[in-house]
Each structure stands twice: as C-alpha cells, then as structure tokens.
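Reviewing the structure listed below.
What you are looking at is a predicted structure, and each value in this text was computed from that prediction instead of being measured. Indexing begins at 1, ligand by ligand and atom by atom, following the structure's order. When a residue number appears, it is its place in the shown sequence, counting from 1.
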Amino acid sequence: MEECLFCRIIAGNIPSNKVYEDELCYAFYDIAPMTPTHFLVVPKEHIASAAEITGENAYIVAHIYEVIAKLAAEMGFADGFRVVTNCGADAGQTVHHLHFHVLAGKQMGSFN
Ligand code: 5GP
Ligand code: ZN
C-alpha cells in the first residue's frame, strides 16, 4: 500500500506532526484544521474505510476509541470534542485509509 498517503505518513515517508503512536495506531495533526484542535487517528494496518471494519479488525477500532478518550483527557477537552469518520463518496472521504477526525476547541453546530 505504498501509494496510500496515510500508509506513507505512518511509515515516515511523508512528514507529519505526531500526537501519539503505539503498535496499533498513529495520531497526527490534520494539515487543514477545521477547529482549533484537529487531529486524525489512523490504524497502522491499512483499512480502506469504515465499510471495511470486520470481526477480525474491530479490536483495532475499539483500541483507537480508547486512545481517543485518553488523549481527550490528557489534552483537556473539558468542554467536549467530536469524532468524525467519513466513509465513501457521499460522505466526502478523500483519503482511502480509515481515519478518525478528532475535533475540539470551539462550539460546533449540528451537521447534515
Ligand atoms: P477525509 O476528507 O477523507 O475525511 O479526511 C482527510 C483529511 O486528511 C482532511 O481533513 C485533510 O486535511 C487531511 N490531509 C490530507 N492530506 C494530508 C497530509 O498530507 N497531511 C496531514 N497531516 N493531513 C492531510
Ligand atoms: Zn493506507
């Protein structure tokens, strides 16, 4: 999956501003932040989208949510945060490697 942008970021072939890393996932700041704090958490294993989550890889997604909760506490998101995963064309997914946007630092509206 050398052509995948996020696989290349995980491998260190494209620079990124790291938030967190462990054996299963990598977190880094989004290049075009939508909120004062906006980072992405991605599985190190290439999973194309949320539509590719299975019984075999769901433990990675559970782990990522645990990591997000830990980072939210450490980073002091006392007023809340949002986790977003775009899946497929209608949702506007532009990078086809599963990623969780973590957004915080301002009051966010509802979305459609
Ligand atoms: P999507 O639109 O697929 O839900 O989210 C892709 C996200 O990746 C976007 O928010 C975009 O700003 C971010 N992004 C795209 N290319 C890069 C990059 O090279 N580095 C970083 N840090 N973020 C990127
Ligand atoms: Zn990938």
Discussion item. side-chain contact (heavy atoms from CB on, under 4.5 Å), that's the test. Do Leu98 and Val61 meet it? Break it down for me.
Written reply: CA-CA 10 Å; Leu98 178 63; Val61 176; 4.2 Å; yes
Show the atoms of ligand 1 that are less than 4.0 angstrom away from any heavy atom in [X].
X	answer
Ala32	12 (O)
Leu5	16 (N), 17 (C)
Leu40	8 (O)
Thr94	1 (P), 2 (O), 3 (O), 5 (O), 6 (C)
Phe28	21 (C), 22 (N)

Discussion item. Yes or no: does Gly92 have any heavy atom under 4.0 Å from an atom of ligand 1?
Written reply: yes
Worksheet item: Hey, does His99 sit under 4.0 Å from ligand 1 if you only count heavy atoms?
Response: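 Checking ligand 1 against His99, which is what was asked, there is a heavy-atom contact under 4.0 Å.
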Does ligand 1 have a heavy atom under 4.0 Å from the side chain of [X], from its backbone, from both, or from neither?
X	value
Phe6	side chain
His101	side chain
Tyr29	backbone
Thr85	neither
Asn17	neither

Practice prompt. Check the side chains of Tyr29 and Thr37 for a donor-acceptor pair under 3.5 angstrom, ignoring hydrogens and angles.
Written response: no
Worksheet item: If Ile, Leu, Val, Met, Phe, Trp and Tyr residues are connected whenever their side-chain heavy atoms lie under 4.5 Å apart, and connections chain through other members, are Tyr65 and Leu103 in the same group?
Response: no
Worksheet item: How close does the nearest protein non-hydrogen atom get to atom 7 (C) of ligand 1, and which residue and atom is it?
Response: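 Closest protein heavy atom to atom 7 (C) of ligand 1: Asp30 OD2, 3.5 Å.
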Response to the item:
for atom 24 (C) of ligand 1, nearest protein heavy atom and its distance come out as Ile31 CG2, 3.4 Å
Cut-off 3.5 Å, no hydrogens considered: what does the side-chain donor-acceptor table look like for residues 18-25, sequence neighbours left out?
unit_1, atom_1, unit_2, atom_2, d
Lys18, NZ, Glu21, OE1, 2.9
Tyr20, OH, Asp22, OD2, 2.7
Glu21, OE2, Lys44, NZ, 2.9
Asp22, OD1, Leu24, N, 2.8
Asp22, OD1, Cys25, N, 2.9
Asp22, OD1, His63, NE2, 3.4
Asp22, OD2, His63, NE2, 2.6

Worksheet item: Can you name the N/O/S atom of His97 that is nearest the Zn ion (ligand 2)?
Response: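 Sorting the N, O and S atoms of His97 by distance to the Zn ion (ligand 2) puts ND1 first.
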Discussion item. Among Lys106, Gln107, Arg82, which residue satisfies the side-chain contact (heavy atoms from CB on, under 4.5 Å) criterion with Thr35?
Written reply: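 That would be Lys106.
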Worksheet item: For Met108, does the CE atom sit with more than 12 other heavy atoms under 6.0 Å from it, leaving out its own atoms?
Response: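 Buried by this count: over 12 neighbours within 6.0 Å.
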Discussion item. Other residues, nucleotides and ligands only: do more than 12 of their heavy atoms fall within 6.0 Å of CD on Glu74?
Written reply: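 Atom CD in Glu74 is crowded, with more than 12 foreign heavy atoms closer than 6.0 Å.
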Worksheet item: Which value, rounded to the nearest 0.5 Å, describes the distance between Asn17 atom CG and Ile31 atom CD1?
Response: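 Those atoms lie 10.5 Å apart.
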Worksheet item: ligand 1 and Val95, any nitrogen or oxygen pair closer than 3.5 angstrom?
Response: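 Yes, since at least one N or O of Val95 sits under 3.5 Å from an N or O of ligand 1.
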Worksheet item: Do any N/O atoms on Gln93 end up under 3.5 angstrom from N/O atoms on ligand 1?
Response: no
Worksheet item: Quick check: does His96 have an N/O/S atom under 2.8 Å of the Zn ion (ligand 2)?
Response: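 No.
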Discussion item. Within rounding of 10°, what is the angle whose vertex is the Zn ion (ligand 2) and whose arms end at ND1 of His46 and SG of Cys7?
Written reply: 110°
Worksheet item: For the residue pair His101 and His38, does the interplanar ring angle fall in the parallel (under 30°), tilted (30 to 60°) or perpendicular (over 60°) class?
Response: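 Rings of His101 and His38: tilted, as their planes differ by 30° to 60°.
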Worksheet item: So, for Phe6 and Phe28, is the gap between ring centers shorter than 6.0 Å?
Response: yes
